[in-house]
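No hydrogens, no waters, no symmetry mates; every other heavy atom, side chains included, goes into these values. Note that ligands are numbered from 1 as they come in the structure, with each ligand's atoms numbered from 1 the same way.
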Amino acid sequence: MIIMKSEATKEEIANVVKEIRKFGLEADVSRGEYRTVIGLIGDERKVDFAHFATLPGVKEAVPVETPYKLISKEYSKLFDEEGERRQISVGNVNIGGDDLVFIAGPCTIESKPQLFRIADGVKKAGAHILRGGIFKPRSSVHSFQGLGANGREEAEEALSWLHEAGQKFEMPVVTEVRGETQIDLVAEYVDIMQIGARNMYDQDLLTNVARKKKPILLKRHFGAGIDEFLSFAEYIAAEGNKDIILCERGILPVGKGKNYTRYTFDVTAVPVIQKETYLPVLADPSHATGRRDLIFNMSCAAIAAGASGLMIETHYNPSEALVDAQQMITPDELKEVIDACQGIHKVIIH
Ligand code: PEP
Ligand code: MN
């Protein structure tokens, strides 16, 4: 919708109409007592609203349509979606269904025995999906980057451990894919491909991972608004892959003072996103808080907010982990979290 200034001339209005037609749309001019408002008829997504905002006589140019129609609840009927929560089946697990789903495992896979011992622990604690990082996004080039950084052979070896652990403990597996050169390799070994917070904006990566036709776990960038998060999820859906699991993992904290947490856990995002889209939403209290002493409470909060499940970093001896030791919990603690969350879930689904 283009809102004209009250003093806009006939020529300026005519010019806006002409510009709208240039984009292949029609204009619906509505002259009020004080100002004229011009509606756009056609696919608004083709239009550059910033361009219209700079035209003479224009007060505001505002998109009315959602930029994420394919995954939107409101438009779901247009695309043969039920509009109900989409259920994504991965092996024996159903994400977005009536039951909560817990993804657990180490931040980073360090060795086969480490991974298998953690996999055993999280399975016994009640987890459904095993996670483990191989290509790690790190702030410093000098930090441990995951086994994937040691060349293709080690990357493939670590991926094969993850796959094997998944088979042995009967859990589908997920790992992050950071770059396009990793896509084919990762797709061979995992059930769910994760796109991390830092890469949420990488539209080529989203598109190319989507083409593998495997479920994708997309994490919200810590600086992204909810509409941006969903707009980038739309890149995946636009490839015909709607098996998208969204994950809230904390946004940038405010102010310069000490905030006491790694990020700000945007628990509100969970129900808000669920009103906007039919895709399932998980939460990651590990990265959101960066503190193992907060995982229990924040897990409960996310489930109370309606999340379909959680992703929690777990280690039999958190302090010895090379990456994110400060935010890992033990399998015993994971079990307490899962039990508490199941109780809360029972209350909120009724
Ligand atoms: C992760 O889950 O391994 C991770 C790096 O998280 P994020 O992308 O949310 O920082
Ligand atoms: Mn981590």
Do other residues, nucleotides or ligands put more than 12 heavy atoms under 6.0 Å from the CD atom of E170?
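No, the 6.0 Å shell around CD holds no more than 12 heavy atoms from other groups.
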Greater than 12 external heavy atoms within 6.0 Å of R198's CZ:
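Yes, enclosed.
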Looking only at protein heavy atoms, which one is nearest to [atom], and what is the separation?
| atom | value |
| --- | --- |
| atom 8 (O) of ligand 1 | A197 N, 2.8 Å |
| atom 9 (O) of ligand 1 | R249 NE, 2.6 Å |
| atom 6 (O) of ligand 1 | K219 NZ, 2.9 Å |

Has R220 got any heavy atom lying under 4.0 angstrom from an atom of ligand 1?
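Heavy atoms of R220 never come under 4.0 Å of ligand 1.
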Per-atom contacts of ligand 1 with [X], taking only distances under 4.0 Å to non-hydrogen atoms:
| X | answer |
| --- | --- |
| Q194 | 1 (C), 2 (O), 3 (O) |
| M311 | 2 (O) |
| G196 | 8 (O) |

Name all pairs fulfilling the ring-ring contact (aromatic ring centres under 6.0 Å, His included) condition that reach into residues 180-215, sequence neighbours left out, sorted by first residue then second.
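Non-adjacent pairs meeting ring-ring contact (aromatic ring centres under 6.0 Å, His included): Y201-H221, Y201-F232.
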Just one of R86, Q87, K213, K214 clears the side-chain hydrogen bond (donor to acceptor under 3.5 Å, both in side chains) bar with D243, so which one?
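When side-chain hydrogen bond (donor to acceptor under 3.5 Å, both in side chains) is applied between D243 and each of R86, Q87, K213, K214, only R86 qualifies.
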Could you point out which residue of R131, K219, R249 forms a side-chain hydrogen bond (donor to acceptor under 3.5 Å, both in side chains) with D284?
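Exactly one option meets the side-chain hydrogen bond (donor to acceptor under 3.5 Å, both in side chains) with D284, and it is K219.
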Of the side chain and backbone of P137, name the one, both, or neither that has a heavy atom under 4.0 Å from an atom of ligand 1.
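It is the side chain that gets close, since no backbone atom is under 4.0 Å.
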Can you name the N, O or S atom of [X] that is closest to the Mn ion (ligand 2)?
| X | value |
| --- | --- |
| D324 | OD2 |
| E313 | OE2 |
| H287 | NE2 |

Residues clustered with L55, ILVMFWY side-chain links under 4.5 angstrom:
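Cluster partners of L55: I2, M4, I13, V16, V17, I20, F23, L25, V29, I38, L40, V47, F49, F52, V58.
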Can a cation-pi geometry be assigned to R85 and Y278, taking NZ or CZ under 6.0 Å from the six-membered ring centre and within 45° of the ring axis?
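Pair R85/Y278 does not count as cation-pi.
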Are any of the N or O atoms of E176 closer than 3.5 Å to those of ligand 1?
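No.
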Below the 3.5 angstrom mark, is there an N/O of E313, backbone or side chain, next to an N/O of ligand 1?
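The answer is no, given that E313 and ligand 1 share no N or O pair closer than 3.5 Å.
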For F144 and T108, run side chain to side chain contact (heavy atoms under 4.5 Å, CB included): C-alpha distance rounded to whole Å, both residues' side-chain angles, the deciding distance at 0.1 Å, then the answer.
CA-CA 9 Å; F144 176 53; T108 308; 3.6 Å; yes
